[in-house]
Amino acid sequence: QDDDALFLTTLRTPMPYHTLWKRIKDLGAAAREEGVIKRDMIFSPHLMRRTFATVLHGAGMAVRAVQQQTRHSNVTTLEKHYLKNKEASTPYFDTVFGV
């Protein structure tokens with residue numbers, strides 16, 4: 001719905017998916033170019049959504065609340081593909097951000 005968009009244009013209208021995808025991809029490329037991110041990875045809306053879900057769940061948010069925040073339609077898929085990974089994220093953050 002127009003009044004329920006996560007990302008809006010400067011005209012306060014929902015951002016088209018392709019525009020959002022390009023902006024996030026460009027953000028990742030700029031971060032790599034500036035040395036903020038060391039790994040060669042493609043930023044995408046899916047990567048951002050997945051990261052957001054993982055961080056929320058890792059911080060202790062209930063699965064149902066994560067589902068609502070990420071607007072994921074199927075809680076089973078959310079749990080299976082986003083939240084079941086118990087692997088520590090610290091080594092990856094250290095690699096990505098060069099800590």
Side-chain angles (χ1 to χ4, degrees):
Q1 295 181 9
D2 288 351
D3 62 345
D4 193 31
L6 284 176
F7 297 94
L8 301 172
T9 67
T10 55
L11 300 174
R12 306 287 303 158
T13 59
M15 186 177 293
Y17 177 79
H18 296 296
T19 302
L20 175 64
W21 202 100
K22 181 169 179 0
R23 287 187 184 182
I24 291 174
K25 183 179 175 187
D26 290 348
L27 175 67
R32 269 192 312 281
E33 189 174 296
E34 292 297 322
V36 175
I37 296 174
K38 307 294 184 198
R39 290 177 48 195
D40 186 26
M41 56 194 299
I42 297 174
F43 277 44
S44 68
H46 177 74
L47 175 66
M48 301 305 240
R49 182 186 199 192
R50 187 175 202 148
T51 302
F52 183 55
T54 302
V55 169
L56 292 178
H57 188 258
M61 185 177 276
V63 173
R64 179 74 174 125
V66 173
Q67 179 190 13
Q68 290 172 339
Q69 287 296 309
T70 60
R71 300 177 185 189
H72 208 287
S73 62
N74 188 320
V75 73
T76 305
T77 303
L78 176 71
E79 286 181 305
K80 182 178 177 183
H81 296 287
Y82 289 55
L83 306 179
K84 288 295 184 183
N85 188 354
K86 300 295 182 192
E87 187 176 7
S89 61
T90 305
Y92 296 102
F93 283 121
D94 291 349
T95 302
V96 169
F97 295 108
V99 177

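Residues: numbered from 1 along the sequence shown. Model, not experiment: these values are computed from the prediction.
- For the pair Phe52 and Gln69, the tightest heavy-atom approach, listed with the atom from each and the gap, is CE2-O, 3.9 Å.
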- Message: Please determine whether side-chain contact (heavy atoms from CB on, under 4.5 Å) holds for the pair Ile42 and Leu47, giving the CA-CA distance in whole Å, both sets of side-chain angles, and the decisive distance to 0.1 Å.
- Response: CA-CA 8 Å; Ile42 297 174; Leu47 175 66; over 6 Å; no
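- Both Leu78 and Met61 are part of a single hydrophobic cluster, where members link through side-chain heavy atoms under 4.5 Å apart.
- A continuous path of Ile, Leu, Val, Met, Phe, Trp and Tyr side chains, each step under 4.5 Å between heavy atoms, connects Leu20 with Met48, placing both in one hydrophobic cluster.
- Every residue two or more places apart in sequence or in another chain that forms a side-chain contact (heavy atoms from CB on, under 4.5 Å) with Ala31 is listed here: Val36, Ile37.
- Under the salt bridge (Lys or Arg N to Asp or Glu O under 4.0 Å) criterion, Lys22 pairs with Asp26, sequence neighbours left out.
- Among residues at least two apart or in separate chains, side-chain hydrogen bond (donor to acceptor under 3.5 Å, both in side chains) pairs with a member in residues 59-68 are Arg64-Gln67.
- Under a hydrophobic clustering in which Ile, Leu, Val, Met, Phe, Trp and Tyr are joined whenever their side-chain heavy atoms come within less than 4.5 Å, directly or via other members, Ile24 and Met41 fall into the same cluster.
- Shortest non-hydrogen contact noted between Ala53 and Thr70 is CB-CG2, 3.8 Å.
- Applying the salt bridge (Lys or Arg N to Asp or Glu O under 4.0 Å) test to Arg49 and every residue at least two apart in sequence or in another chain returns nothing.
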